[in-house]
Amino acid sequence: RYLFFVASDRKDGLGSCDIYYVIRHGNCWSQPIHADAPLNTRFWESNPSLSADGRTLFFASNRTGGKGGMDIWKCAVVTQSDGLLRFFNAENLGDSINTAKNEMSPFIHPDNETLYFSSNGHGGYGGNDIFVARKNQIGQWKQPVNLGNTINTPGDDTGFVVETGGRYGYFSSNGLEQNGKGREVYKVELPVEVRPRPVICFEGIATDAANKEPLRALVEVTDLSSGQKIQTLYADDVTGKFSVCYPGGKKYGLTVSAKPYLFESVELGDSAKNM
């Protein structure tokens, strides 16, 4: 329900490149909304990637306080009841990810544990290479791993994104073909060792049980083993539609609530279907 983009030199901007977002209402999009500080600054902010749980936005910036030229940062995100987003606590991802050179184009997979990004500071096969980093058991980023020379080239390889299923990735490169066309977009099957954790995604619709009118309900997904809420979102205020992604291998609870109705809860497993 959210689309992020980057725009330069707008009147409401703070710097040369700022991050904006729009909200989907049924089949329409809202007017662009400027994300205020601490997400945007007078410096260059770009390459936004929102986590599937909606709680963290990863982005690239050359703001002060970084490790080098361009660094990867993150901001905490809170979704208000009206759908607007608030951004807090801009944080550099640290030495395991960022170097004295440039890191950019972060992509956080829907498993919320696997981060792909481009760098010319971790060594590799050419200019910007694509790397993958995973979280350890306490949520810190492990050392990045180069995706290898079946994907990376002597040129620049950037903008890597991976489908939800984790089998295929898409990226931009100017080093795979010397055809004089510059950067082109490619699809690649990922080696098993650099694939993300499998996730399960489904869509639902929140409606009034009596008249079937859509509801702008609060949707929450909870890890039943730990009691931790792993996703909180609101259904579309026009259609009542919502979508949820969660890692496989555990049991989760889905709760849908809207005043003045009683809440509805179901258990989610590895075979969840659309509902």
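At least one donor-acceptor pair closer than 3.5 Å links the side chain of Arg195 to the backbone N or O of Leu190. Arg1 places no side-chain N or O within 3.5 Å of a backbone atom of Lys241 that could act as its donor or acceptor partner. Side-chain N or O atoms of Asn98 include one that pairs as donor or acceptor with a backbone N or O of Ile72 at under 3.5 Å. In this structure a side-chain-to-backbone donor-acceptor pair under 3.5 Å is missing from Asn149 to Asn152. At distances below 3.5 Å, not a single donor-acceptor pair connects side-chain atoms of Asp18 with backbone N or O atoms of Gly13. Thr207 places no side-chain N or O within 3.5 Å of a backbone atom of Lys212 that could act as its donor or acceptor partner. Side-chain atoms of Asn47 come within 3.5 Å of backbone N or O of Ser105 as a donor-acceptor pair. A donor-acceptor pair is defined here as one N or O able to donate and one able to accept, closer than 3.5 Å; such a pair exists between the side chain of Glu163 and the backbone of Tyr168.
Ion pairing of Asp236 with Arg24 is absent here, as no side-chain N (NZ or NE/NH1/NH2) approaches a carboxylate O to less than 4.0 Å. Ion pairing of Glu113 with Lys142 is absent here, as no side-chain N (NZ or NE/NH1/NH2) approaches a carboxylate O to less than 4.0 Å.
Residues Ser61 and Asp71 form no side-chain contact, since every pair of their non-hydrogen atoms from C-beta on lies 4.5 Å or further apart. In this structure the side chain of Val238 never reaches within 4.5 angstrom of the side chain of Asn27, judged on heavy atoms. Using a 4.5 Å heavy-atom cutoff, the side chains of Val188 and Tyr186 are not in contact. No side-chain heavy atom of Ile97 sits less than 4.5 Å from a side-chain heavy atom of Lys67. Taking the side chain as every heavy atom from C-beta outward, Trp73 and Pro106 never approach each other to under 4.5 Å. Side-chain contact between Phe117 and Pro144: present, with at least one pair of heavy atoms (C-beta onward) separated by less than 4.5 Å. Side-chain contact check for Leu50 versus Val77: some heavy-atom pair is nearer than 4.5 Å. Side-chain contact between Val6 and Glu45 is absent, with no heavy atoms from C-beta onward closer than 4.5 Å.
Taking the six-membered ring for Trp and thresholds of 30 and 60 degrees, His122 and Phe131 have ring planes inclined between 30 and 60 degrees apart.
Surrounding NZ of Lys135 are more than 12 heavy atoms belonging to other residues, nucleotides or ligands, all under 6.0 Å away. Within 6.0 Å of atom CD in Glu193, more than 12 heavy atoms from other residues, nucleotides or ligands are found, so the atom counts as buried in its surroundings. Enclosure of atom OH in Tyr170 by more than 12 non-hydrogen atoms of other residues, nucleotides or ligands within 6.0 angstrom is indicated. At most 12 heavy atoms of other shown residues, nucleotides or ligands fall within 6.0 angstrom of atom CD in Glu264.
Side chains of Ser51 and Asp53: a donor-acceptor N/O pair is present below 3.5 angstrom, by distance only. Judged purely by distance below 3.5 Å, without hydrogens or angles, the side chains of Asn211 and Glu213 never pair a donor atom with an acceptor atom. Between the side chains of Asp208 and Tyr261, a donor-acceptor pair is found at a separation under 3.5 Å. Asp157 and Ser173 share a side-chain donor-acceptor pair at under 3.5 Å. Side-chain polar atoms of Glu203 and Ser243 form no donor-acceptor pair below 3.5 angstrom. Side chains of Ser16 and Ser8: a donor-acceptor N/O pair is absent below 3.5 angstrom, by distance only. Side chains of Gln143 and Ser96: a donor-acceptor N/O pair is absent below 3.5 angstrom, by distance only.
Of all the heavy atoms in Gly121 and Thr99, the pair that sits closest is CA-OG1, 3.4 Å. Across all their heavy atoms, Phe263 and Ser257 have their closest contact at CB-CB, 3.8 Å. Nearest heavy atom pair, residue Thr255 against residue Ser265, reads OG1-OG, 3.1 Å. Summarising the geometry of Val221 relative to Val244, their closest heavy-atom pair is CG2-CG1, 3.5 Å, with the distance given to 0.1 Å. Among all heavy-atom pairs drawn from Cys245 and Gln231, the shortest one is O-OE1, 3.2 Å. Closest non-hydrogen pair, Pro32 versus Val22, comes out as CA-CG1, 3.6 Å.
Atom OH of Tyr252 and atom OG1 of Thr222 lie 11.0 Å apart (nearest 0.5 Å). Of the inter-residue distances, the one linking Asn102 atom CG with Asn62 atom CG reads 9.0 Å to the nearest 0.5 angstrom. Atom SG of residue Cys17 and atom CZ of residue Phe43 lie 14.0 Å apart, to the nearest 0.5 angstrom. In this structure, Arg42 CZ and Thr64 OG1 are separated by 7.0 Å, a value rounded to the nearest 0.5 Å. In this structure, OG1 in Thr153 is found 8.5 Å from CD1 in Ile130, a value given to the nearest 0.5 Å. Atom CG of residue Asn174 and atom CZ of residue Arg183 lie 5.0 Å apart, to the nearest 0.5 angstrom.
Cluster annotation: Ile230 and Leu233 are assigned to the same hydrophobic cluster (Ile/Leu/Val/Met/Phe/Trp/Tyr, side-chain heavy-atom contacts under 4.5 Å, transitive). If you chain together hydrophobic residues whose side chains sit under 4.5 Å apart, Val194 and Leu115 never meet in one group. Side-chain heavy atoms closer than 4.5 Å link hydrophobic residues (I, L, V, M, F, W, Y) into clusters, and following such links, possibly through other members, connects Phe171 to Val161. When the side chains of ILVMFWY residues are joined at heavy-atom separations under 4.5 Å, either directly or via intervening members, Phe58 and Phe88 end up in two distinct hydrophobic clusters. Clustering ILVMFWY residues whenever any of their side-chain heavy atoms sit less than 4.5 angstrom apart, transitively, puts Phe59 in the very cluster that holds Phe87.
Taking Thr114 as the reference, His109, Asp111, Tyr116, Val132, Arg134, Pro196 meet the side chain to side chain contact (heavy atoms under 4.5 Å, CB included) condition, with sequence neighbours excluded. Qualifying side chain to side chain contact (heavy atoms under 4.5 Å, CB included) partners for Thr232, counting only residues two or more places apart in sequence or in other chains: Arg55, Leu218, Glu220, Lys229.
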*Would you sort out whether Lys101 and Ser119 count as a side chain to side chain contact (heavy atoms under 4.5 Å, CB included), showing the intermediate values?*
CA-CA 8 Å; Lys101 293 187 177 181; Ser119 170; over 6 Å; no

*Please walk me through it: do Leu84 and Ile23 pass side chain to side chain contact (heavy atoms under 4.5 Å, CB included)?*
CA-CA 8 Å; Leu84 293 176; Ile23 308 172; 4.2 Å; yes

*asked:* Before you tell me yes or no, could you show the steps for Gln80 and Asp82 under side-chain hydrogen bond (donor to acceptor under 3.5 Å, both in side chains), namely the whole-Å CA-CA distance, both residues' side-chain angles and the distance that decides it to 0.1 Å?
replied: CA-CA 5 Å; Gln80 300 183 158; Asp82 59 3; 3.2 Å; yes

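Just one of Thr158, Asn120, Asn146 meets the side-chain hydrogen bond (donor to acceptor under 3.5 Å, both in side chains) condition when paired with Asp129; it is Asn146. When the options Phe4, Phe5, Tyr2 are evaluated for a ring pair (Phe, Tyr, Trp, His ring centres under 6.0 Å) with Tyr20, the one that passes is Phe5.
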